[in-house]
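Report on the structure given below.
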There are 2 protein chains.
Amino acid sequence: MSPARPPGRRPGDADVTRHQILEAARATFAEAGFERATMRAIAGRAGVDPALIHHHFGAKESLFAAAHRLPDPRAALEPILTGPAPGMGERLARFYLQLATTPDSPVVSLFRAAATNDAAARMLREFIEHGLLGTAEDVLPYDRPRLRLALCATHLIGVVFGRSIVAVPEMTEPDVEELVALLAPALERYLTEPL
Amino acid sequence: MSPARPPGRRPGDADVTRHQILEAARATFAEAGFERATMRAIAGRAGVDPALIHHHFGAKESLFAAAHRLPDPRAALEPILTGPAPGMGERLARFYLQLATTPDSPVVSLFRAAATNDAAARMLREFIEHGLLGTAEDVLPYDRPRLRLALCATHLIGVVFGRSIVAVPEMTEPDVEELVALLAPALERYLTEPL
DNA sequence: GTATTAATTCAACAACTGATGAAATAGGAG
DNA sequence: CTCCTATTTCATCAGTTGTTGAATTAATAC
């Protein structure tokens with residue numbers, strides 16, 4: 001079946017292997033969720049022994065955390081929320097949907113895992129609270145900025161849930177730009193108009 | 001530990017036991033999701049041997065299906081969508097949030113399970129497509145009724161995801177009526193205004 | 001009252017899971 | 001060249017999981 005590599009350190013760069021493991025982990029977690037993504041499946045996909053994953057990343061939860069270390073969204077979010085109010089909803093929807101509708105998106109992976117794994121839910125909560133809502137608090141020039149962005153975020157999360165996880169046809173058929181056009185007005189009202 | 005009941009049929013009504021099993025299954029699935037809700041945990045909660053569950057309901061997936069046989073939402077949804085346009089968003093939000101924010105809500109349970117289990121995702125998709133969007137198609141007197149309600153549904157799904165699964169403070173702190181007030185305008189525009 | 005059927009537990013299996021410790025090999029420092 | 005360290009596989013463990021077949025008891029039909 002598998003080529004049955006010999007034991008012992010491989011020639012060449014070692015960082016390549018770590019990278020392959022993380023990529024295999026992301027893909028497998030995204031497809032299967034936390035519990036059904038087995039260490040053996042990830043190892044097989046990376047062409048590596050399961051014990052090696054444990055050696056590099058520790059327990060399964062640490063691997064998940066390492067594979068989902070998302071970048072701070074501040075840099076991307078700031079121009080969206082400080083730019084002109086007309087178009088703000090559109091910019092936000094496009095940014096998020098492009099990020100979340102790529103195949104094996106780590107965003108979808110996080111949603112899947114957060115649904116059943118407490119550690120993943122905690123990760124996602126921290127990311128939303130600090131990464132997203134914290135940025136809104138700092139740069140969005142309207143009252144109750146955290147609540148405003150939270151309303152947008154839940155809406156967008158639901159759309160991606162319906163599109164990528166439940167696969168409701170009304171959400172899978174339109175392409176990203178059509179969805180952006182449908183969602184933008186509601187998001188923009190949440191962000192800029194009186195609540 | 002457990003009282004260690006004797007083997008053999010118990011005296012009294014037998015339907016009570018089936019009911020207890022279904023209730024324990026719903027609660028356990030809601031808390032833990034499909035994979036982490038073990039047959040043994042459900043059985044323990046129902047005060048019953050795991051083999052009895054299998055005897056009554058067959059495999060784990062059939063148990064899940066039996067425990068989540070949702071009622072047809074048509075009766076509840078029709079007055080919401082045929083009533084006066086002012087207040088439609090409010091009625092929809094209130095109906096759904098009351099249903100989905102009760103402890104051990106089967107709605108949340110379905111979301112959790114759908115995130116990692118294909119059969120559950122299929123169940124949820126069928127429920128949305130036929131139960132929800134089918135009703136909208138029949139009774140909502142505006143163009144593209146399925147898409148309109150789908151946009152509302154994804155928004156509400158996201159809110160419940162943020163509130164009951166991820167536990168974002170901005171969504172857990174307000175009570176149901178405060179959330180209704182925040183969401184109603186956006187929902188009503190989706191339902192009744194030009195898209 | 002007897003025979004059949006349904007409900008229930010017990011014991012156990014086979015498969016799979018995450019994890020560990022030891023052995024083998026390569027890279028790098030002196 | 002030699003020694004130490006980092007990387008990698010192997011073999012395996014201990015625990016858990018869904019599921020099954022046999023045994024035991026109550027309800028029900030005749």
Side-chain angles (χ1 to χ4, degrees), chain A residues 1-25 28-29 31-67 113 116-120, chain B residues 1-25 28-29 31-67 113 116-120:
Chain A
M1 299 288 147
S2 4
R5 287 185 210 254
R9 183 168 186 164
R10 297 187 202 162
D13 190 0
D15 254 16
V16 169
T17 314
R18 287 176 67 99
H19 203 261
Q20 283 173 345
I21 291 174
L22 287 178
E23 208 167 337
T28 311
F29 281 129
E31 288 176 12
F34 185 82
E35 347 280 333
R36 284 198 354 194
T38 69
M39 297 289 264
R40 284 168 171 82
I42 297 170
R45 194 165 190 153
V48 146
D49 190 274
L52 184 60
I53 302 183
H54 208 267
H55 172 71
H56 278 308
F57 299 101
K60 191 182 181 183
E61 279 195 358
S62 333
L63 171 64
F64 182 88
T116 52
N117 184 271
D118 284 348
Chain B
M1 302 284 149
S2 5
R5 286 188 213 251
R9 183 166 186 165
R10 295 187 203 161
D13 191 0
D15 255 16
V16 168
T17 314
R18 289 176 67 100
H19 203 260
Q20 283 174 343
I21 291 174
L22 287 177
E23 209 167 337
T28 311
F29 280 128
E31 289 177 12
F34 185 83
E35 348 279 334
R36 284 199 355 194
T38 69
M39 297 291 264
R40 282 169 172 82
I42 297 170
R45 194 166 191 153
V48 146
D49 189 274
L52 183 61
I53 303 184
H54 209 267
H55 173 72
H56 278 307
F57 300 100
K60 191 181 180 185
E61 279 197 357
S62 333
L63 171 65
F64 182 87
T116 53
N117 183 271
D118 284 349

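Note that the structure is predicted; figures quoted are calculated from it, not measured. Every heavy atom of this structure was used, including side-chain atoms; hydrogens, water molecules and symmetry mates were not. Per chain, numbering begins at 1; letters A, B, ... match sequence-line order.
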Between [options], spot the one nearest the side chain of [X], thanks.
X	options	value
A:A59	D:dT7, C:dA19, C:dT9	C:dA19
B:P50	D:dT7, D:dT19, C:dA19	D:dT19
A:H54	C:dA19, D:dT9, D:dG18	C:dA19
B:A51	C:dA7, D:dT20, C:dG18	D:dT20
A:L52	D:dT7, C:dG18, C:dC10	D:dT7
B:T38	D:dT7, D:dT9, D:dT17	D:dT17

Could you state the [atom1]-[atom2] distance from [X] to [N], rounded to the nearest angstrom?
X	N	atom1	atom2	value
A:F57	C:dA19	CZ	C1'	17 Å
B:H56	C:dA6	NE2	C1'	9 Å
B:I42	D:dT17	CD1	C1'	12 Å
B:E61	D:dG18	CD	P	12 Å
A:I53	D:dC10	CD1	P	14 Å
A:N117	C:dG18	CG	C1'	14 Å
B:D15	C:dA6	CG	P	14 Å
A:D49	C:dA19	CG	P	14 Å

Which of parallel (below 30°), tilted (30 to 60°) and perpendicular (above 60°) describes A:F34 and A:F29? parallel
Contact class for B:H55 (heavy atom, under 4.0 Å): base, sugar-phosphate, or nothing? base
Please give me the minimum heavy-atom distance between B:D49 and B:A43, naming the atom from each residue. C-CB, 3.9 Å
Minimal non-hydrogen separation, A:R36 against B:D118, with atom names: NH1-N, 4.5 Å
Do any side-chain nitrogens or oxygens of A:T17 fall under 4.0 Å of OP1 or OP2 in D:dT8? yes
Would you indicate whether A:E23, at its atom CD, is surrounded by more than 12 heavy atoms from other residues, nucleotides or ligands within a distance under 6.0 Å? no
Side chains of A:E35 and A:T116: do they bring a donor and an acceptor to under 3.5 Å? yes
